[in-house]
Number of protein chains: 2
Amino acid sequence: METGRSTRAVMALRDRILAGALPPGERLFEVALAEELGISRTPVRSALAALEQEGLLERQHGGGYAVRCFSFQDVADAIELRGVLEGTAARLAAERGVTSRDLDAMRRLLAALDRAVDPESYDFASYQSLNAEFHEALAALPGSQILRAEISRAGRLPFASASAFLQSQQAVPAFHRSLIAAQAQHHSIVEAIAAREGARAEAVAREHARQARGNLRYVMFKDRSLIDQVPGLSLVVE
Amino acid sequence: METGRSTRAVMALRDRILAGALPPGERLFEVALAEELGISRTPVRSALAALEQEGLLERQHGGGYAVRCFSFQDVADAIELRGVLEGTAARLAAERGVTSRDLDAMRRLLAALDRAVDPESYDFASYQSLNAEFHEALAALPGSQILRAEISRAGRLPFASASAFLQSQQAVPAFHRSLIAAQAQHHSIVEAIAAREGARAEAVAREHARQARGNLRYVMFKDRSLIDQVPGLSLVVE
DNA sequence: AAAAGCATAAATGTATACATGAGCCTGTCA
DNA sequence: TGACAGGCTCATGTATACATTTATGCTTTT
């Protein structure tokens, strides 16, 4: 198990940032963090650098880091970006073709997701993990390491990940309907890829991501009590 | 002037990697590099981490770094990725609209590029820097910090940047014709943005990037003597 | 002879001490 | 009273010493 101090520091700081314990804009000092975490400055430094790459911190003028601030538009753009990249994965998979083995795997995931959303056998926890699996498998489908890495990066910003709003959705009225709609899009994407319909696969994957934009609007403007349920949304300042 | 040892180490190592002094797959040792550069391990470590983020190095199993190997397909994918992202910038600029101030700036760049490609006043050096300016301005056009940063990242891999193949193109027969074709695409992109034609702007920007794919094929399969003129192409192994 | 386990050496991970530089406060001079 | 200069302080950048882990090779045992 990889349990280096540096890794632990990254996790601890990430948790604190996302929990809102470190408010957006707050400057972070190496010595203070080191004492707080009971380790030396060295792993703290590498953790800060890692979190900057992750997009949670930004360098201050003249050295040092601060917790990053995001605008509503930033979050919307990050979601759009993920959609564009996942759409590219879907299109390339369609254009280049996929092995029947990979296609079967996608269809098995679809079937499992079907069971998870079915009112008869509804299982939210399963849906959550299966949804993440589906999106990871999709990213890997065209067989491009470069694209896969970039999609993974785009989902690092917590509010931009494929399952960022799932938790909060549970509390909204039309929740189950939106789950069903999303699952229908999953089916369309796989069908398009199987039929080598690149443009369709790309368009549906993009639109699929944009569902999150609607959820974002709901959380930010209709029911702000849900903000705490979406990881990283505490970093959004107006 | 920012002349920290860490920054210097990044530049020195990047140069050596791109120059082929450190062959792809080669493992890098901190102590050796530190002695070679006449500095301590600390800035070397941060430089290695930075170059990993840049995509030039990859972590070895169990710690340590090695010079990254790329396949032909990797390079093609990186180019496609840049095209997708620049296409997104073009589309969003068209959809969201741009200020007349920004539009004028783009048109001034176009006019300057026109002069640079005109046989009467041909100036390759000008074209090179103006082309880079054009692509940077395009990335900034939709006003999205997130997208701009991601486009910048995509161009970090040296062979995926917008001007990666310019130098090598000088030596190919149909060089000047391809420059004129590229410039025509620049015009189309700006025209589409001005007319709020998002789909067109995106499609043309993508196709524009794909010119690099043609150049890549030429360099790799038709005239490998040009490989040294494209930064980073020495990292491609079959 | 082959496989497993231990020992050893070398690399990375971590801690700490030292150097440097930027920001700020104060005091003095115009 | 305002502005500039000088020094002080604190945070980051760097060097080095120490700890830990990993890989390799040799020995031993089956």
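This one's a predicted model, so the numbers in the text were calculated from it and none came from an experiment. Letters A, B, ... mirror the listed sequences (proteins, then strands); counts begin at 1.
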Exercise. About how many Å separate CZ of Arg217(B) and NZ of Lys222(B), when rounded to the nearest 0.5 Å?
Worked result: 9.0 Å
For this session: Just jot down the ring-ring contact (aromatic ring centres under 6.0 Å, His included) partners of Tyr127(A), sequence neighbours excluded, or say none.
Result: none
Exercise. When you check the gap from the basic side-chain N to the acidic O, do Arg16(A) and Glu26(A) get nearer than 4.0 Å?
Worked result: no
Seminar exercise, completed: Reading nucleotides 4-15 of chain D from 5' to 3' and marking B where a protein heavy atom lies under 4.0 Å of the base, S where only the sugar-phosphate is that close, and - otherwise, the string is -------SBBBB
For this session: Please name the pair of heavy atoms, one in Phe72(A) and one in Val236(A), separated by the smallest distance, quoted to 0.1 Å.
Result: N-CG1, 3.8 Å
For this session: In whole angstrom, give the distance that lies between atom NE2 of His61(B) and atom P of dT24(D).
Result: 11 Å
For this session: Just grab all the salt bridge (charged side-chain N to carboxylate O under 4.0 Å, His left out) pairs involving residues 137-146 of chain B, residues at least two apart or on different chains.
Result: none
